[in-house]
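All of these numbers come straight from a predicted model, not from anything done at the bench.
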Amino acid sequence: MSGKIGVNYGREADNLPSPYESIQIMKSIKVGQIKLNDSNPEILTLLSGTKIHVAVTVPNDDIIQIGSNDSMAEQWVRNNILPHYPDTMIRFVLVGDRVVNSNMDVNGTMEQSLVPAMRGIKSALTAHGVKNVKVSTTLGMDVVQTRFPPSNSTFQSDISDSVMPKLLKFVNGTKSVVFVDVYPYFAWSANPTNISLDFALFGGNITHTDPGSGLVYTNLLDQMLDSVTFAIEKLGFRNIRLAISRTGWPTAGDIDQVGANIYNAATYNRNLIRKMTSKQPLGTPKSPGLIIPTFISSLYDENRKIGPETERHWGMLHTNGTPVYEIDLTGNRKISEYKPLPPAVNNVPYKGKLWCEVAPWVNEMSLPAALSNVCSIDNETCAALAPGKDCYEPVSVVWHASYAFSSYWAKFRSQGAICSFNGLARETTVDPSKFSVNSGQ
């Protein structure tokens, strides 16, 4: 296994540097490994002859076909691996991305097809003499039911008896690893009052002792990793190793997304890199001394990702290829050698009022359909926009959409609704109704 830091090369963005330029950038910043969300042939061809290790992904949409037909697995390997291997150093094939999750249907076809698909891909690789490519899949932390303390952890009950034993048996039998998305940011930001930011950022000034195991933790990432290891052991598998498929920290977010800033992101990734590139592998308290393959999320900011604002701000580089902050992926640069970072201004949860409005960069042509959709979900959401009602004027699609977005978000925010509406909206501290003719303001 490689102790060189990897990056996720995601491409959900406008105007990114070309694959050729991107690979030149990655070589210049000494990326050791690349994880792709697919098996893009142009990128794999361009990586030929480089020393960069590669993880490719079988899309979720292909899993059912591959899992039900060995000839489809053979065809996938013939089309996506053999044209590039061994000149391109493909080291992992990840079958699916977070197929196993807390919301999965354990009797669903895709979930039942996952392990057969992994088995089919492995058999096809072996048949073609490709023996040093491991086959795995990517899990999210939501597969673990109890994370703290780690020694108490178990997998979610609906997958603990069904998918996980089969998955772990395959990984164990093929000497592969389990890939897990591990984001201390989400664990911390969901509970910033009770979890120390210093602990989440590898500050080293706070320790937690697991009362069950007696293991001492100095950072949140190790706790999260070990919670997966303990859950695996409870299913009878004691020697399965982990890899981190995605980790990182967002550089920006919505107003109410605490701690998403450049200072924290740079601090987290710099400290992560120092840990994972240590000359003597550190591992975790539960698994000391092990190399943990780690892929930072992500190479670029990706402005076409949907969801909260943080989704578009995980990159170490802007979409034009310039750095968001200084970073040394080799781990050799001392923290004191970096230039000062902009101060963090949102490390405390926002307490003021918030509204949702149409983002200023949105094309008005995209609003009517979104407005119609939001208003059709709930009768009360847009009632005040009817002709003659308080908020009908000004008769503007931007105003009506802002009102509808804000009304819907206010009503359903507690149930998980976000102020995004497929990238058309943003949070604001200014009440949009002040622009309404009849608002009295």
Side-chain angles (χ1 to χ4, degrees), residues 1-3 6 33 35-36 39 53-60 62-63 66-67 70 73 76-77 81 90-102 104 106 110-127 130-145 150 153-156 158-182 224-247 281 283-284 286-287 289-295:
M1 287 191 188
S2 174
Q33 307 181 78
K35 178 173 162 287
L36 300 175
S39 54
H53 291 191
V54 186
V56 299
T57 303
V58 177
N60 290 358
D62 292 348
I63 289 174
I66 292 173
D70 284 347
W76 193 93
V77 168
I81 303 299
I90 300 170
R91 291 295 177 262
F92 293 102
V93 175
L94 303 178
V95 180
D97 185 16
R98 289 173 288 195
V99 175
V100 181
N101 58 67
S102 58
M104 66 176 280
V106 294
M110 185 182 297
E111 292 77 21
Q112 293 299 316
S113 300
L114 176 60
V115 176
M118 295 169 68
R119 202 178 293 124
I121 295 289
K122 182 62 178 176
S123 295
L125 290 169
T126 302
V130 181
K131 296 179 180 175
N132 62 340
V133 175
K134 302 291 186 183
V135 176
S136 187
T137 190
T138 299
L139 305 175
M141 282 302 301
D142 60 347
V143 299
V144 179
Q145 185 166 326
S153 68
T154 57
F155 287 114
Q156 297 281 359
D158 57 343
I159 64 173
S160 185
D161 298 328
S162 56
V163 178
M164 288 310 301
K166 299 174 187 174
L167 174 58
L168 295 172
K169 183 178 180 181
F170 171 84
V171 170
N172 191 53
T174 58
K175 295 182 170 57
S176 188
V177 297
V178 172
F179 276 76
V180 190
D181 289 355
V182 191
M224 296 173 75
L225 287 168
D226 279 357
S227 71
V228 179
T229 301
F230 273 108
I232 289 172
E233 286 196 355
K234 285 172 184 169
L235 292 182
F237 299 91
R238 298 199 170 274
N239 297 304
I240 289 179
R241 296 173 66 169
L242 302 182
I244 299 174
S245 42
R246 295 182 186 91
T247 191
T284 69
K286 173 69 173 163
S287 304
L290 294 183
I291 292 174
I292 304 171
T294 299
F295 295 83

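Annotation: side chain of V178 is in contact with side chain of L168 (closest heavy-atom distance under 4.5 Å). Under the 4.5 Å side-chain criterion, counting only non-hydrogen atoms from C-beta, S160 is in contact with L235. Annotation: side chain of T138 is in contact with side chain of R246 (closest heavy-atom distance under 4.5 Å).
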Q. Run the side chain to side chain contact (heavy atoms under 4.5 Å, CB included) check on L167 and L139 step by step: do they pass?
A. CA-CA 11 Å; L167 174 58; L139 305 175; 4.1 Å; yes
Q: Kindly indicate, with the supporting measurements, whether the criterion side chain to side chain contact (heavy atoms under 4.5 Å, CB included) is fulfilled by T284 and S287.
A: CA-CA 5 Å; T284 69; S287 304; 3.7 Å; yes
Q: Go through M118 and T174 one step at a time and tell me if the side chain to side chain contact (heavy atoms under 4.5 Å, CB included) criterion holds.
A: CA-CA 11 Å; M118 295 169 68; T174 58; over 6 Å; no
(Q) Quick one, K286 with L225, criterion side chain to side chain contact (heavy atoms under 4.5 Å, CB included). Give me CA distance, side-chain angles, the key distance, then yes/no. (A) CA-CA 9 Å; K286 173 69 173 163; L225 287 168; over 6 Å; no
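With rounding to the nearest 0.5 Å, the separation of OG in S153 from CG in D226 is 8.5 Å. With values rounded to the nearest 0.5 angstrom, D161 atom CG is found 12.0 Å from F155 atom CZ. Rounded to the nearest 0.5 angstrom, L114 CG and Q112 CD are separated by 9.5 Å. To the nearest 0.5 Å, the span separating NZ on K122 from OG on S176 amounts to 7.5 Å. Between the CE atom in M164 and the NZ atom in K234 there is a gap of 13.5 Å [rounded to 0.5 Å]. Within the model, atoms CZ of R241 and OG1 of T229 stand 11.0 Å from one another, a figure rounded to the nearest 0.5 Å.
Distance alone, capped at 3.5 Å, is enough to place a donor-acceptor pair between the Q156 side chain and the D142 backbone. Under the 3.5 Å distance criterion, the side-chain polar atoms of N60 are matched with a main-chain donor or acceptor of D97. Judged by distance alone, the side chain of T137 and the main-chain N or O of L94 form no donor-acceptor pair under 3.5 Å. Under a 3.5 Å cut-off, the side chain of T57 and the backbone N or O of L36 do form a donor-acceptor pair.
I292 and T294 make their closest contact through O-OG1, 2.8 Å (heavy atoms, listed as atom of the first residue, atom of the second, distance). The minimum heavy-atom distance between A124 and A73, with the atom names listed, is CB-O, 4.0 Å. Between V182 and M224, the shortest heavy-atom distance links the atoms CG1-CB, 3.7 Å.
Listed by chain and residue number, nothing satisfies the side chain to side chain donor-acceptor pair (under 3.5 Å) test with K134 (two or more places apart in sequence, or in another chain). Under the ring-ring contact (aromatic ring centres under 6.0 Å, His included) criterion, F179 pairs with F92, sequence neighbours left out.
Other residues, nucleotides and ligands contribute more than 12 heavy atoms inside 6.0 Å of the CG atom of N132.
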